[in-house]
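First the structure, in the form of structure tokens, and then the observations on it.
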Amino acid sequence: MPSERYRWETLEALKGSSKGQLSYSRDWLLRGEDILEGCRSPPKLSSYSGWVLDRVISQSLQETPLSRSSTPNESIPPTDDQPLSLAKTTSPASQLRSSPLSSAAPSETKSLLPSLEASRAVLKMHSVCEWLFLSPCNLQEGLRQRQEQQEQVVRAVSDMASEQLKRFDELKELKQHQEYQDLQEVMEKSSREAQGQQEKLKEEHRHRAKILNLKLREAEQQRQRQEELERLRKEEEVLQLNQQIDPNYRHKDLPRIDLSGFSNRGNQICGLVSGLIRTTSERGFPTQVDVANTERALQEMRGLISSMQQAIATALEEKRKREEEEERERQKELQKQEQLKAQTPVPAQHPRGKEQKEGLQVKAEESTMQWYQQLQDASDQCVASFSGLTDCKDNQVKNIRMDLQKAASIPVSQISSIAGSQLREIFDKINNLLSGKSVQSGGRTVSVTQHPQGLDFVYYKLAEKFVKQGEEEVASHHEAAFPIAVVASGIWELHPRVGDLILAHLHKKCPYSVPFYPAFKEGTPIEEYQRILGYQVKDSKVEQQDNFLKRMSGMIRLYAAIIQLRWPYGNKQVIHPHGLGHGWRWLAQMLNMEPLSDVTATLLFDFLEVCGNALMKHYQVQFWKMLLLIREDYFHRIEAITISGQMGSLMRLKQFLEKCLQRKEIPLPKGYLPSSFWRS
């Protein structure tokens, strides 16, 4: 620090001064002298005082300045007889007078400052001596000279003090400036950090606001979609109800009943709904008023249907009474004829041929049922072949069984449409397992050769897993049918037994994939018969119809995808083990059988949506003829047996048929795997 440096400079200057060069006795106490002896004795002049006065007087008479131009070298040196005290007293005074402070170096000036008071005292003593012996004129002149010298000393000291004060002010100002700059830098740094933090907070706020806006927009879109779906549902229900009271609609049992009044009012309600649809389409989304108007129209249409049903019920009651009367009349007529026949013998008649069947079939064809039974027998034989593996209680065999089941099931669960390379890895892993090679599963090495019945067990579990994926995964995500189907088709081509087991599992869980409508046998429990139909029964509770149709839809979609897809890396010269010909057979047999309410419309729509494009390209004109047959004939059969609460699947089928026939094209199904997929 600056003050530390000045302190050491001051000490060095004092050390170099005359005072600092004097030697002091440190053992004066050992001499036994009284240091106050000189103070107690009365003052007296020395024996040399006369010589001093004579010398001073002689110099005054010669009018020579005593010490103005004298130097320490010009002073009278003391003789051997002079006391040492006089020499010491004279030397500092003469030095002070002959060496002005203004001509001294800064360091020497600083060194003399501490001894300034002592020098002044010596001058005063010397001046007193001079005043005692000088004349008044010389005394006045000497006094003036001393005053000038004192003023010079004061000015020098004042200038030096001012210079030091100026330096101190400059150093203080410099220090304050430096501190101000440091403080300003700290404030700027803090400001930059605060600004950066503020920008970061603003960015986070913008990001969160963006996310919140997206969520709000999605919520608003979801709400609008729900309102639109609800409006469409109500409009669809109104249209369906109006179809039931169409003027061309006649109850097949009541040809005389007139529903024109109900039909006219229904058309008016439909016109109102059409106006609401047009207004909503212009605005983009329905308002609360539109929803309320649609709800009122729906309620009125329901009331209209209720009134019509009451009229029909009344007509049916009248018809029943009339039929009972006619039946009694007929019974009487038959009794009369029997009496006549008993009296007149009639020759026996032989049958001329088979009786013609009217309408459609109720049961599947005999060849189809034989094929179905063969597949079920093969599945049962496969289960019996690995009974030793499943029934064994040995822990080692249990571990082998568990590892084989995981090795067969996990790869099928991992099938997705993310990339073609991933599908190929899964296919190779399943193929290697079925080929007897070792594969890694759950961190363990697994092979079907670990047990003699391992291959049959893997065949069965693999086929079961493929069908289960259709029942669960495809039912929830329709586009998942294609990656699962292409792997299943490739495995089927290399390992035909897996394909037979897939069909057996599929037919057992979904008999409509045969197609086959199981008949109720006397003595069969209701729950067992529902399981045969494909329903899931748990704790004597049958699953809901919607869930049942969802599972059946998933399995039919998987089957429709399998018959049209082939593994792209397989042998192109080998035909598909279960190709489009089986799909054409399934569709033809479905149209030859009496439809089932809600089931037939759902399965036809799912099958045509997935496989319709492939069938169109393969069969061309024949396929379009079949679509026309469905729309013109078979659709009305389905409509005749469908109740009002099950019209959704029927309307989807109708819209699909009309759209395809109008555009003369069936679009590719959603989720279809293009050729570019296999390069990913």
With under 30° as parallel and over 60° as perpendicular, where do the rings of Tyr672 and Phe482 fit, or are they tilted in between? perpendicular
Which is it for Glu425 and Lys429 under the salt bridge (charged side-chain N to carboxylate O under 4.0 Å, His left out) test, yes or no, and what are the steps along the way? CA-CA 6 Å; Glu425 291 178 1; Lys429 188 172 184 179; over 6 Å; no
Do you know which two heavy atoms are closest between Ala463 and Val498, and how far apart they sit? CB-O, 3.9 Å
Assess whether atom NZ of Lys572 is packed by more than 12 heavy atoms of other residues, nucleotides or ligands within 6.0 Å. yes
Identify the residue among Cys611, Ser489, Pro577 that makes a side-chain contact (heavy atoms from CB on, under 4.5 Å) with Ile563. Cys611
Look at the side chain of Tyr559 and the backbone N and O of Gly583, then say whether any donor-acceptor pair between them is shorter than 3.5 Å. no
Write out all pairs satisfying ring-ring contact (aromatic ring centres under 6.0 Å, His included) with one or both partners inside residues 431-450, taking only residues at least two apart or from two chains. none
Just so I know, are the side chains of Gln469 and Ile415 near enough to count as touching, which here means a heavy-atom distance under 4.5 Å? no
Between the side chain of Ser409 and the main-chain N/O of Lys406, is any donor-acceptor distance below 3.5 Å? no
With a 4.5 Å heavy-atom cut-off, do Val610 and Gln564 have their side chains touching? yes
Lys670 bridged to Glu609 by N-O distance under 4.0 Å: no
Heavy-atom side-chain proximity of Ser417 to Glu479 below 4.5 angstrom: no
Please name the pair of heavy atoms, one in Ser447 and one in Gly436, separated by the smallest distance, quoted to 0.1 Å. OG-O, 3.3 Å
Cut-off 3.5 Å, side chains only: do Gln422 and Ser416 have a donor facing an acceptor? yes
Might you confirm whether atom CE of Met369 has over 12 heavy atoms from other residues, nucleotides or ligands at distances under 6.0 Å? yes
Check: Cys382 and Arg497 side chains under 4.5 Å, non-hydrogen atoms: yes
Quick check: closest heavy atoms across Asp606 and Arg557, and the distance to 0.1 Å? OD1-NH2, 3.0 Å
Any side-chain heavy-atom pair of Leu434 and Leu494 under 4.5 Å: no
Could you tell me if the side chain of Leu627 sits less than 4.5 Å from the side chain of Ile666, heavy atoms only? yes
Non-hydrogen atoms of Leu668 and Asn613 that approach each other most closely: CD2-OD1, 3.4 Å
Atom of Val537, atom of Arg531 and distance for their closest heavy-atom approach: O-NH2, 3.5 Å
Go through the side-chain N and O atoms of His495 and Asn431 and say whether any donor and acceptor fall under 3.5 Å apart. yes
For atom CD of Gln440, is the number of surrounding heavy atoms from other residues, nucleotides or ligands below 6.0 Å larger than 12? yes
Counting distance only, does the side-chain N/O of Arg631 pair as donor-acceptor with the main-chain N or O of Leu657 below 3.5 Å? no
Decide whether Thr368 and Gln589 meet the rule of one side-chain donor and one side-chain acceptor closer than 3.5 Å. yes
Taking everything shown except Glu632 itself, do over 12 heavy atoms lie less than 6.0 Å from its CD? yes
CD1/Ile562 to CD1/Ile484 distance, rounded to the nearest 0.5 angstrom? 9.0 Å
Consider side-chain contact (heavy atoms from CB on, under 4.5 Å). Of Leu455, Val458, Asp428, Leu462, which one does Leu433 pass it with? Val458
With Tyr372, the ring pair (Phe, Tyr, Trp, His ring centres under 6.0 Å) member among Tyr517, Tyr512, Phe516: Phe516
Please list all pairs passing the ring-ring contact (aromatic ring centres under 6.0 Å, His included) test where one or both residues lie in residues 375-411, with sequence neighbours left out. Phe386-Phe457, Phe386-Tyr460
Judged by atom type as modelled, is there a donor-acceptor pair below 3.5 Å linking the side chain of Gln536 to the main-chain atoms of Val542? no
Do we see a donor-acceptor contact under 3.5 Å between the side chains of Gln373 and Asp377? yes
Answer yes or no: is there a donor N or O on one side and an acceptor on the other, between the side chain of Thr390 and the main chain of Ser387, under 3.5 Å? yes
Just one of Lys465, Glu473, Lys468 clears the side chain to side chain donor-acceptor pair (under 3.5 Å) bar with Ser413, so which one? Lys465
Within a radius of less than 6.0 Å around CD of Gln545, do more than 12 heavy atoms belonging to other residues, nucleotides or ligands occur? yes
Which distance, rounded to the nearest 0.5 Å, do you find between the CG of Leu506 and the CD of Glu471? 10.0 Å
Got a donor-acceptor contact below 3.5 angstrom from the Ser379 side chain to the Leu375 backbone? no
Distance (rounded to the nearest 0.5 Å) between Arg401 CZ and Asp394 CG: 10.0 Å
More than 12 non-hydrogen atoms from neighbouring residues, nucleotides or ligands closer than 6.0 Å to NZ on Lys437, yes or no? no
When every non-hydrogen atom of Leu604 is compared with those of Trp586, the smallest separation belongs to CD2-CZ3, 4.5 Å
Checking salt bridge (charged side-chain N to carboxylate O under 4.0 Å, His left out) for the pair Arg320/Glu324: CA distance, chi angles, key distance, verdict? CA-CA 6 Å; Arg320 185 181 62 80; Glu324 288 178 355; 2.6 Å; yes
So CG of Asp403 and OG1 of Thr445: to nearest 0.5 Å the spacing works out to 10.0 Å
Are there more than 12 heavy atoms of other residues, nucleotides or ligands under 6.0 Å from atom CD1 of Ile575? no
Does Leu533 reach the side chain of Pro511, with side-chain heavy atoms less than 4.5 Å apart? no
Classify the angle between the aromatic ring planes of Trp584 and Phe623 as parallel (below 30°), tilted (30 to 60°) or perpendicular (above 60°). tilted
Rounded at 0.5 Å granularity, tell me how far CD1 in Ile491 sits from CZ in Phe466. 6.0 Å
Test item: side-chain donor near acceptor, Gln655 and Arg652, under 3.5 Å: no
On the 0 to 90° scale, with breaks at 30° and 60°, tag the Trp567-Trp678 ring pair as parallel, tilted or perpendicular. perpendicular
Please walk me through it: do Arg551 and Glu543 pass salt bridge (charged side-chain N to carboxylate O under 4.0 Å, His left out)? CA-CA 11 Å; Arg551 292 191 303 105; Glu543 66 176 331; 2.3 Å; yes
Gap between atom CG of Leu650 and atom OG1 of Thr642 - 0.5 Å precision: 5.0 Å
